[in-house]
Amino acid sequence: MRPKTAAKWLAEYGTLEALIAAADKIGGKIGENLRTALPRLPLSKDLVTIRINTPLEVGPTDLHQRQSDNEALLELYRRYDFKAALKELEAGGAAPTAGSAGEAVADRGQSGERGQSHYSDPPPEAFSAPGEYELITTREALDAWLPRLREASVLAFDTETTSIDPMRAQIVGVSFAVEAGKAAYVPVAHDYPGAPTQLSRDEVLGALKPIFEDASIAKLGQHAKYDINVLSTHGVNVRGVAFDSMLESYVFNATTTRHDMDSLATRYLGYTTIKYEEVAGKGAKSIPFGQVDLDTATRYAAEDADVTLRLHQALYPQLQAEPRLLKVYEEIEMPLVPILAKMEQRGVLIDIDELRRQSQQLGKRMVELQKQAYASAGHEFNMDSPKQLQAVLFDELGLPVRVKTPTGQPSTNEEALEAIADAHELPRKLLEYRGLAKLRSTYTDKLASNVNERTGRVHTSYHQAVAATGRLSSADPNLQNIPIRTEEGRRIRQAFIAPPGWKIMAADYSQIELRIMAHLSGDEGLLRALGNGGDVHRATAAEVFGIPPEEITANQRSAAKAINFGLMYGMSAFGLARQLNIDRGEASDYMARYFARYPGVRDFMEATRSQAHRDGYVETLFGRRLYLEELASRNQARRAGAERAAVNAPMQGTAADIIKRAMIAVAAWIETRDDVHMLMQVHDELVFEVREDAVEAVREGVIERMSGAAELAVPLIVDVGVGANWHEAH
DNA sequence: GTGGCGTCC
DNA sequence: CAGAGGGACGCCACT
């Protein structure tokens, strides 16, 4: 059950007056929909009427900041094609108004004309919170709410727990809001001296379960995946999560760094929320939420649900006004939420003994290297400290400084050590030590510590609103940067295992970003090189060097590969030269030949840059949008960086869209099977555990759905590997 | 909290 | 002329 959109309501009633009259007659119900449709309240006479008719008082957002109130009103009318009212307003003119809006208009001069006033600084006015927040501690009070929850057009909910790790969290209370300003908190496990009697967790979850599990009741959360996971560990399988204010903000403008509720409330509602630290303290002095007194807890928890609802009312209409963004939100991001939740809950089985064995081996070798390094330097020092390393290498040993850090210091990174490795024995020792130290601290030891004692698995968190391009990210632990390049690192993957009778299956897209570049650019040469199904880099080398593919040398192939990848990142001839360890002239020559053979690629990149400068954003194939504020920067380096990002984002972002679509298709297919689970996503790869007897069927089904996730001008090729562990599956 | 470094796609 | 490779997460040292 979705609320009607503004356009539908206005179409139905014809005039704003008629709509308001209808709202008056029916009262809250229409008011609810109206609020969803028109969350902003321009200070015009017409909309003051709405304000009176609805309890909502959302602060002005970007629309009002960058335009006068009357202009904002006009834009709303235009957006909803509300002709009669528009004419009326035009007759009265749309003179700019004074005050904060005027300042914002001035601010707009920097970027507004290029559409970058899409969002702006926090609005000056707050809505008049708090609303009516009810504390529920009796069965009667809870029962009185149940029908309201069922009948809500959108049910906002939130859980309060004992941990930010959903796999370990215990629920201490649940809150919900059904209309702005009307929210409730149901504590179930607050325990402190003098704590009032509360309903039990079992009784409350038992009463709410039919509602949470009813897919026809549209639910809303802020970062709902967390609450879905928490409720899942409590035996409640949440369905029907149709909205998530965090993802609405992310799709609306992914460039905004933070999409947490406090930031969003400030930004879009002009409202300062109660901070968690204010009620529970922070650091060593913090107390569990269950020890927060019920009055304070109610103000905090009910506000969470209330603000979530208000954010949705502010953000969702803005998405509705952008059909392509709305599609990304409704058809990609929201369907992905329960899928990611499931992957996180399932986790990946880890062979912890294997990790321990590897850790010991690494430690042994590190001690040897340490001794050798001390002897080589003539004294002991901390090999993990770049600062001490710098003193030993460049001050004491007097080795030449070939590479500097961005702050101008002599660098001790891999490139720097390689550059002086022939002049002294120490750099080699350091290089090997560094590699091993990295493997042990970041992978073998850390991964082992992340294994959940209850499940024997690692349960990563996939962050859905972090990467500006639309990619997912993974944390705690990060499963998207497990080593693969070197054999000793790659062995870490031997610890990612399947249970007895099951296999690990890894399915990855072959050169997906290159294929997207071919598709978006339409370059005939590149399309041909990718359409033939052969070795793309070899084919590129053949084109660039003008010789048959079979005569291409290893060096020529790797040069072509470096160009193929480098171009997608906006690399220059200088960068290519460094990458391939050749001189700049040669690198320029390669790139010139590349562009001569693939002129469509050059044109596409140039077109992307100019479109980005014109609009202030770039888009993926599916309409996901990335704003690039720094395109307008006066700082040349920043501007150049933004241009590279502008060229890269459509490819990286389209790849992200495609694999997300694939995940949705695959998840729908495997939903009714009990012989396969999707475990991991690593940008162009999906990893499953598959029962042995189902391997062939699943291989076929997964390839079909991943390949079919987009129709490009070149085929989407998927490679599949199967093995006892992730290492073998590649 | 920042800088340096290193892992992945 | 200067600067020169996109997007992440996380470890360690150091302030």
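Letters A, B, ... are given to chains in the order of the sequence lines, protein chains preceding strands, and every chain is numbered from 1.
- Annotation: ring-ring contact (aromatic ring centres under 6.0 Å, His included) contacts of Tyr374(A) (sequence neighbours excluded): Phe381(A).
- Between Arg365(A) and Glu368(A) a salt bridge is recorded (basic side-chain N to carboxylate O distance below 4.0 Å).
- Partners of Leu431(A) according to the side-chain contact (heavy atoms from CB on, under 4.5 Å) rule, which considers only residues two or more places apart in sequence or in another chain, are Glu414(A), Leu417(A), Glu418(A), Arg428(A).
- Across the protein-nucleic acid pair, Gln390(A) atom CD and dG4(B) atom P stand 10 Å apart, rounded to whole Å.
- Remark: P of dT7(B) and CG of Leu479(A) are 18 Å apart, rounded to the nearest angstrom.
- Between Ala642(A) and Leu631(A), the closest heavy-atom pair is CB-N, 3.6 Å.
- Between the C1' atom of dG7(C) and the CD atom of Glu513(A) lies a distance of 9 Å, rounded to the nearest Å.
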Response to the item:
Each nucleotide of nucleotides 8-15 of chain C classed B (base within 4.0 Å of a protein heavy atom), S (only sugar-phosphate) or -, in 5' to 3' order, makes SBBSSSSS

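- In the set dC5(B), dA4(C), dT7(B), dT7(B) carries the atom at the smallest distance from any side-chain atom of Pro483(A).
- Between Glu629(A) and Arg638(A) no salt bridge is recorded (no basic side-chain N to carboxylate O distance below 4.0 Å).
- Between dG6(C), dC8(B), dT7(B), one nucleotide has an atom nearer to the side chain of Asn648(A) than all others, and that is dG6(C).
- Rounded to a whole Å, the CZ atom of Arg609(A) is 13 Å from the P atom of dG6(C).
- Look at CG on Leu439(A): it is 13 Å from C1' on dC8(B), rounded to the nearest Å.
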Could you pull out every donor-acceptor pair under 3.5 Å between side chains of residues 392-402 of chain A and any protein atom, sequence neighbours left out?
unit_1	atom_1	unit_2	atom_2	d
Glu396(A)	OE1	His379(A)	NE2	2.7
Glu396(A)	OE2	His379(A)	NE2	3.3
Arg402(A)	NH1	Ala419(A)	O	3.2

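- Not counting sequence neighbours, the partners of Met591(A) by the side-chain contact (heavy atoms from CB on, under 4.5 Å) test are Leu567(A), Ala573(A), Leu576(A), Phe595(A).
- Proximity of Ser411(A) to the phosphate of dG4(B): no side-chain N or O atom is located under 4.0 Å from OP1 or OP2.
- Ring-plane geometry between Tyr250(A) and His259(A) is classed as perpendicular, the angle between the planes exceeding 60 degrees on a 0 to 90 degree scale with a lower cut at 30.
- Atoms CZ (Arg639(A)) and P (dA4(C)) sit 13 Å apart, rounded to a whole Å.
- Contact check, Arg578(A) against dA4(C): no side-chain N or O comes under 4.0 Å of OP1 or OP2.
- Nearest nucleotide to the side chain of Thr405(A), out of dG6(C), dC9(B), dC5(B): dC5(B).
- Here the nucleotide nearest the side chain of Thr412(A), chosen from dT7(B), dG7(C), dC5(B), is dC5(B).
- Side chain to side chain, Asn229(A) and Gln345(A) meet the donor-acceptor criterion of an N or O pair below 3.5 Å.
- At whole-Å resolution of the value, CD1 in Ile516(A) and C1' in dC9(B) are 12 Å apart.
- Less than 4.0 Å separates DNA chain C from at least one heavy atom of each of the following residues of residues 582-597 of chain A: Arg584(A).
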